[in-house]
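Since we're looking at a predicted model, the values are computed, not measured. Residues take their numbers from the sequence shown, with the count starting at 1.
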Amino acid sequence: MPHPSKFKQEDDSKPIPHPPKYKEHLQILAADLKLAYKALYGAIQPIPYIRDRLYCVDKVFIEGGSEKWVGDGTFRGKGTSWVRLESYKDIYANPPGKPIRYIIQADPGFGKTTQTLQYTFNWSTGVKGSPFADVQLLIYLRLRQLRGIRSLAVAIKRYILPKSCHLTIADIRKILEATTSVAIVLDGWDEYPELDTELGGYMRDIITARASPNHAVTLTTRYLPKEFPATARRVRLTGFDDQARDQYIRKAVVGDDDEAVEQIRQRLKDNPVLADLCQVPLFFVMFAHLAHEKEEFKRFRSVTEFFSFMIKCFHDHLRNKVKDRNVEKQSHQYEGRHEALSAMAYEGLSKPDQQIVWKKEELIRRLGEGFYEHHKRIGLLVEEEVITDQTTADGFDVYTSEIRFYHKLFCEWYAAYHLAELAVTLDGAELSSELKKLDPYDLQYLYRFACGLDPAAGKTIISYLQSLKGGDKFAVLCILEQTGEVDDIKETVRKLCADTVSIKRGDTKLLQRSTVQLLDIASSHKIPIFCLHLDGCVSEAVTASGNILLNSGLHVPPSSTLEKIGITGKSLDIPEQKMIELLAYAGECERLEKLTLQCLIPLSAVPAEQIPPSLKTRNIEVLLHSLEGLVYDLNLIEGKWVKHVTDTARIGDVRLYDGNQNGHEWMVRELTRASAAGIPIALVDILGCSPVADQSGSSLALSSSRSQVSLPILSTLQKLVIRDGDRRMDNTEVVGILSYTSQCAAVKVLEFRFQTLPDCVQGAESTLSTLRSRNVSVGWSLGIISHLNLLSGRWETEGERDQRERHEYRERQEQQQ
């Protein structure tokens, strides 16, 4: 497998000559980096208050789910495609032959930092087969520490290397310049202090490859940077499934003790309200250790109740360890009186740029030194030493201490106390103004905790949430936090489920999560669900665990009270085996009457013997809506699709992409059939697939990792988009695609999205003339939008085209005069 060490800049410049003592300094730098990383990856704390039990990252790291984004890097909205990865190592599989940027995206607690520490372990110990095994230098930096840093060499010297290292900043800079095999890992872009300021330009330059262009860079973040290269590889972490949870229990908690494993599993089953929270690796880890070690572990009715129990465990551990009456008394006081900490947490989260890191002096001034030291000892507050912009008279750096919560959710927990107080003391207008500062999609647990801590406050907050678009589903979760009793929300759930319940691709993850939990509540309490419509949001029809996987990484299990299911996805590929599994899923839905599909499904017969008998006995209706407007009804006895013609027929947007496993042949067949029938085809979007026209331009050969098909002339096609952000297309290939397009009589727009195209199209005068006569627009966009001059064959920017057209217009005016 190629590694970042092989990412070399493609240019004609001569390599930088090695400076004096280069090899010696390189060995020193690598050795000191590995020494520094050992202190990081060797000090993992699954439960923060147990400080005498530290783990090496390799002993606790478990791979959760991860997906890569299939696209050209320029598109962030609807229509993106996520493909599941078998391993985190596959993030770096098949890179181009040049440095590249990788963006690993996930919510808090999903293991971004743990995964990057695993990288440092793999590199430091030379783990074979790991992505960074052959890299000469791995630079690991935590962005929250890099305030005021304008140089990578300075960051390495100040924040990684031990103080005993005699290498100077100039030495480090020379090593970086002369070493081609360097990988940089920047952890926590969303925590970077200068994220949205002009001062943060240097780190942005690294991300965009304006700085360190010869190095491979991996960035972890909650959300995408505002600017990143079109060629960046995007990956997201989706959390723990049942298999990953079992692996962690055995690897880090109980070993091969099957009885203990089953006990933890049972405790999770006994707490279904925590199922969603335990998809987050950080909190499942805490759950697993507490469930194993605490005899008083019980059934929790809400997430608020579980958090309250967990916070009590933090304080109890210190009391049990010290066993001093005065310490115990003081500990109880600190546990119950935390108004100042709650106010600080709330103030930090309610700022436009959330401030969840505080100077130690300021925090002690507001909290008191005893309170601070207590919460630091139990692990809720974490102290970090950071370098200031100042130096001593002798030229040494001046350090200061910054304080943060162990995790942001603990910040939300304490802020919830203050929010609950505001909710019962402010009038309606004042409270509404406060709540507008708190995005529920970013701070869902702050809202849920506040509702769970104070029923009176919850009533006001829930009323506010119900007034927001899509807020009614989230409000159900907040109601559940109040009492933990589903009886209090049954009527609301019944009302929501009496109509179609939709989950859409554009929904936030919070809205999708709220909807899935709403379905779970309805199913477990025998409330009928009229219809579930999954609109463009399904990533995989049925997983190995028997659930439908959404694009957000969430799972939709079968529901015993669901009556109708609709699944829509123009690029969702459901091959025969997945169709059989989907029918089995439908069979698990005991009340299901109808399954409607609008996605890529082969029309070959489904083996009748593999269709669940329950579908046949209940005479479930299974319908497939094809792209050309036809409807097929699955005969459950014979397993054959029977066609019915609809009144209107038109094909919308069609995407053919590398990774669309078995859909190419079927899709091309459907497109060919539609074209022959005169049915308009709005758009064919070819992503990857290396399209190449034959000699006459009468077809396009499409190649993917799993298939190779030929796309014939489509006489009713209106727009063609061909894109591959990393590919360089030569003149012959461009001419071939132009020839193909000229023979598609209805095409009005052809768009290329490639890294590089020839500056001028040559040898295509006849084809360009045909396209010009039909007024076809030919564009090229990858950052800068260009248009093909169909007379000269040259690419022009929009400004150049406008200038030329104005000049031609003036010439025509002068000729007429």
- How long is the gap from CD on Glu588 to OG on Ser559, to the nearest 0.5 Å?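 Between Glu588 CD and Ser559 OG, I get 11.5 Å after rounding to 0.5 Å.
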- Report the C-alpha distance between Thr238 and Glu67 in whole Å, list the side-chain angles of each, state the deciding distance to 0.1 Å, and finish with yes or no for side-chain hydrogen bond (donor to acceptor under 3.5 Å, both in side chains). CA-CA 8 Å; Thr238 57; Glu67 298 174 335; 5.4 Å; no
- Item | Gln105 side-chain N/O to Arg234 backbone N/O, donor-acceptor pair under 3.5 Å |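 A pair under 3.5 Å: no.
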Is any side-chain heavy atom of [Y] closer than 4.5 Å to one of [X]?
X	Y	answer
Gln577	Pro575	no
Ile567	Ile548	yes
His289	Tyr248	yes
Phe284	Ile249	yes
Tyr632	Ile601	no
Arg245	Leu268	yes

- Query: Passes side chain to side chain contact (heavy atoms under 4.5 Å, CB included), Ile529 versus Leu518? Steps please.
  - Reply: CA-CA 10 Å; Ile529 305 167; Leu518 171 71; over 6 Å; no
- Query: Please walk me through it: do Ser523 and Thr561 pass side-chain hydrogen bond (donor to acceptor under 3.5 Å, both in side chains)?
  - Reply: CA-CA 5 Å; Ser523 179; Thr561 62; 4.6 Å; no
- Task: Apply side chain to side chain contact (heavy atoms under 4.5 Å, CB included) to the pair His292 and Asp257, showing each step before the final yes or no.
- Result: CA-CA 11 Å; His292 177 57; Asp257 186 340; 5.9 Å; no
- Query: What do the steps show when you test Val516 against Leu550 for side chain to side chain contact (heavy atoms under 4.5 Å, CB included), and what is the final call?
  - Reply: CA-CA 10 Å; Val516 170; Leu550 302 183; 4.2 Å; yes
Which heavy atom in [X] sits nearest to a heavy atom in [Y], and how many Å separate them?
X	Y	answer
Cys599	Leu624	O-CD1, 3.9 Å
Ser715	Ser675	N-OG, 2.9 Å
Leu702	Pro691	CD2-CB, 3.7 Å
Val668	Pro712	CG1-CD, 3.9 Å

- Is there a donor in the side chain of Thr596 and an acceptor in the side chain of His625, or the other way round, less than 3.5 Å apart?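 No - no donor-acceptor pair under 3.5 Å links their side chains.
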- Message: Tell me whether the rings of Phe287 and Phe306 are parallel (<30°), tilted (30 to 60°) or perpendicular (>60°).
- Response: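 If you compare the ring of Phe287 with that of Phe306, the planes turn out tilted.
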- Task: Report the residue from Val606, Asn635, Ile565, Leu583 that forms a side chain to side chain contact (heavy atoms under 4.5 Å, CB included) with Val622.
- Result: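 The side chain to side chain contact (heavy atoms under 4.5 Å, CB included) with Val622 is passed solely by Leu583 among Val606, Asn635, Ile565, Leu583.
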- For the ring pair Phe283 and Tyr445, is the centre-to-centre distance below 6.0 Å?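 Not under 6.0 Å, so no.
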- Message: Closer than 4.0 angstrom, basic N to acidic O: yes or no for Lys112 and Asp107?
- Response: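 Between Asp107 and Lys112 there is no salt bridge, as every charged N stays at least 4.0 Å from the carboxylate O atoms.
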- Item | Chi angles and distances behind the side chain to side chain contact (heavy atoms under 4.5 Å, CB included) call for His525, Val493 | CA-CA 10 Å; His525 291 81; Val493 173; over 6 Å; no
